[in-house]
There are 2 protein chains.
Amino acid sequence: MKIGEIANAAGVTTSRIRFYEKRGIIAPAARGPNGYRDYPEDLIALLRFIEQAQGLGFTLREIASVEVRSGPHPISCAEAIGLLAGKRDAVDALIAEAEERKRRIDSLISELQKSQAKSEN
Amino acid sequence: MKIGEIANAAGVTTSRIRFYEKRGIIAPAARGPNGYRDYPEDLIALLRFIEQAQGLGFTLREIASVEVRSGPHPISCAEAIGLLAGKRDAVDALIAEAEERKRRIDSLISELQKSQAKSEN
DNA sequence: ATAGGGTTTGAACCTAGGTTGAAGGTTAGG
DNA sequence: CCTAACCTTCAACCTAGGTTCAAACCCTAT
């Protein structure tokens with residue numbers, strides 16, 4: 001498959017695929033006699049996996065480090081669980097921070113509403 | 001006060017203050033006869049306010065747009081409440097998204113744990 | 001007078017995740 | 001054969017919020 005075809009199939013842009021290759025997130029593509037990149041269909045799944053992982057909060061750097069090791073065979077279940085657990089903790093921390101922020105905003109609002117009630121400002 | 005003094009007092013770097021001035025977040029400073037920036041003590045409070053607002057999730061662009069109008073007199077209570085309410089909604093949306101993300105991660109983890117239990121992989 | 005610290009400017013650099021453009025080679029259809 | 005739509009590379013640009021550097025100027029103490 002040519003880059004445009006696979007980009008279409010996976011729902012990403014061609015520039016993004018080239019960018020991933022340059023950054024080492026995906027392996028360099030095989031080339032046809034004309035120099036065009038030639039992809040196996042498998043790559044569609046990988047591109048979707050990358051999007052999913054990003055949606056779960058993994059950075060491209062993290063995704064790449066997993067990809068590197070999963071070249072011949074996939075990473076172990078235990079390893080994957082460890083990565084996911086770490087990410088869940090990070091998301092938990094993010095939620096806690098956001099909730100704290102929300103509390104501060106709310107208390108500021110109610111403070112302002114009180115002072116507004118006193119003097120019609 | 002010179003830039004280093006006020007930076008120290010407010011707990012920010014000098015480069016950050018110059019950056020704020022360049023971006024229009026704070027007004028251009030008065031200059032002494034030697035060309036050095038000369039700040040009133042008031043600016044300490046403003047710098048702290050900026051940090052607080054950032055901590056509440058306001059971008060510098062948003063902060064600047066408030067600052068611009070509050071030159072002569074501060075913005076009204078009602079206006080401030082409106083801004084804060086908008087930001088609280090954004091934080092709410094962020095929390096909801098993060099919780100959804102966490103749910104997806106958790107379900108992936110428990111799926112993996114099931115398949116791990118079946119075959120010691 | 002000289003060393004050290006502080007200050008000035010502008011420009012370049014940084015992370016993250018890409019997009020956009022220029023200049024050129026290729027391929028398919030009519 | 002010509003044109004449109006692909007593909008190639010490399011480099012520059014983008015947001016956000018700054019930091020770092022270079023070259024020069026200023027001030028104070030010894």
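Throughout, a chain's letter reflects where its sequence line sits, starting with A, and its residues are numbered from 1. For clarity, every value in this text was computed on a predicted model and none was experimentally measured.
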> For A/F19 and D/dC14, what is the distance between atoms CZ and P respectively, to the nearest whole Å?
Replying inline: 17 Å
> Tell me, do A/I50 and A/I26 make a side-chain contact under 4.5 Å, heavy atoms counted?
Replying inline: yes
> Do A/R88 and B/D106 meet the salt-bridge criterion of a basic N to acidic O distance under 4.0 Å?
Replying inline: yes
>> Taking the six-membered ring of B/F58 as reference, does the cationic atom of B/K87 (NZ for Lys, CZ for Arg) lie under 6.0 Å from its centre and within 45° of its axis?
In response: yes
> Is the shortest side-chain N/O distance from A/T59 to OP1 or OP2 of C/dA16 below 4.0 Å?
Replying inline: no
> Please give, in whole Å, the distance from D/dC6 C1' to A/I17 CD1?
Replying inline: 14 Å
>> Rounding to an integer number of Å, can you tell me how far A/E21 CD sits from C/dG17 P?
In response: 18 Å
> Quick one: A/K2 NZ to D/dC7 C1', roughly how many Å, whole number?
Replying inline: 8 Å
> Within less than 4.0 Å of OP1 or OP2 of C/dG18, is there a side-chain N or O belonging to A/S15?
Replying inline: no
> With nearest nucleotides of DNA chain D determined for B/P33 and A/G4 from heavy-atom distances, which residue corresponds to the more 5′ nucleotide?
Replying inline: A/G4
> OP1, OP2 of C/dA16 versus side-chain N and O of A/R61: anything below 4.0 Å?
Replying inline: yes
>> Using OP1 and OP2 only, check whether a side-chain N or O of A/R23 sits under 4.0 Å from C/dG17.
In response: no
> Taking all non-hydrogen atoms of both residues, which atom of B/G32 and which atom of B/D38 are closest, and how far apart?
Replying inline: N-CB, 4.4 Å
> Are A/E51 and A/R16 close enough for a salt bridge, meaning some N to O gap below 4.0 Å?
Replying inline: yes
> To the nearest Å, how far apart are A/I50 CD1 and C/dA16 C1'?
Replying inline: 15 Å
> Out of C/dT7, D/dT19, D/dG17, which nucleotide sits closest to the side chain of B/L60?
Replying inline: D/dG17
> For A/Q54 and C/dG18, is the shortest distance between a side-chain N/O and OP1 or OP2 below 4.0 Å?
Replying inline: yes
> Side-chain N or O of B/T13 less than 4.0 angstrom from OP1 or OP2 on D/dT19?
Replying inline: yes
>> Heavy atoms only, 4.0 Å cut-off, all strands: where does A/R37 land among base, sugar-phosphate and nothing?
In response: sugar-phosphate
> According to a strict under-4.0 Å criterion, is A/Y20 in side-chain N/O contact with OP1 or OP2 of C/dG18?
Replying inline: yes
> Do A/E100 and A/R103 meet the salt-bridge criterion of a basic N to acidic O distance under 4.0 Å?
Replying inline: yes
> OP1, OP2 of D/dC27 versus side-chain N and O of B/N34: anything below 4.0 Å?
Replying inline: yes
> Given atom CD1 of B/I3 and atom C1' of D/dC26, what is their separation to the nearest angstrom?
Replying inline: 15 Å
> To the nearest angstrom, how far is A/Y36 atom OH from C/dG24 atom P?
Replying inline: 16 Å
> Looking at A/R31, does any N or O in its side chain come under 4.0 Å of the phosphate oxygens OP1/OP2 on D/dT9?
Replying inline: yes
> How close or far is atom C1' of D/dC10 from atom NZ of A/K22, stated in whole angstroms?
Replying inline: 8 Å
> Hey, does the side chain of B/R18 come within less than 4.0 Å of C/dT8's phosphate (OP1/OP2), counting only N and O?
Replying inline: yes
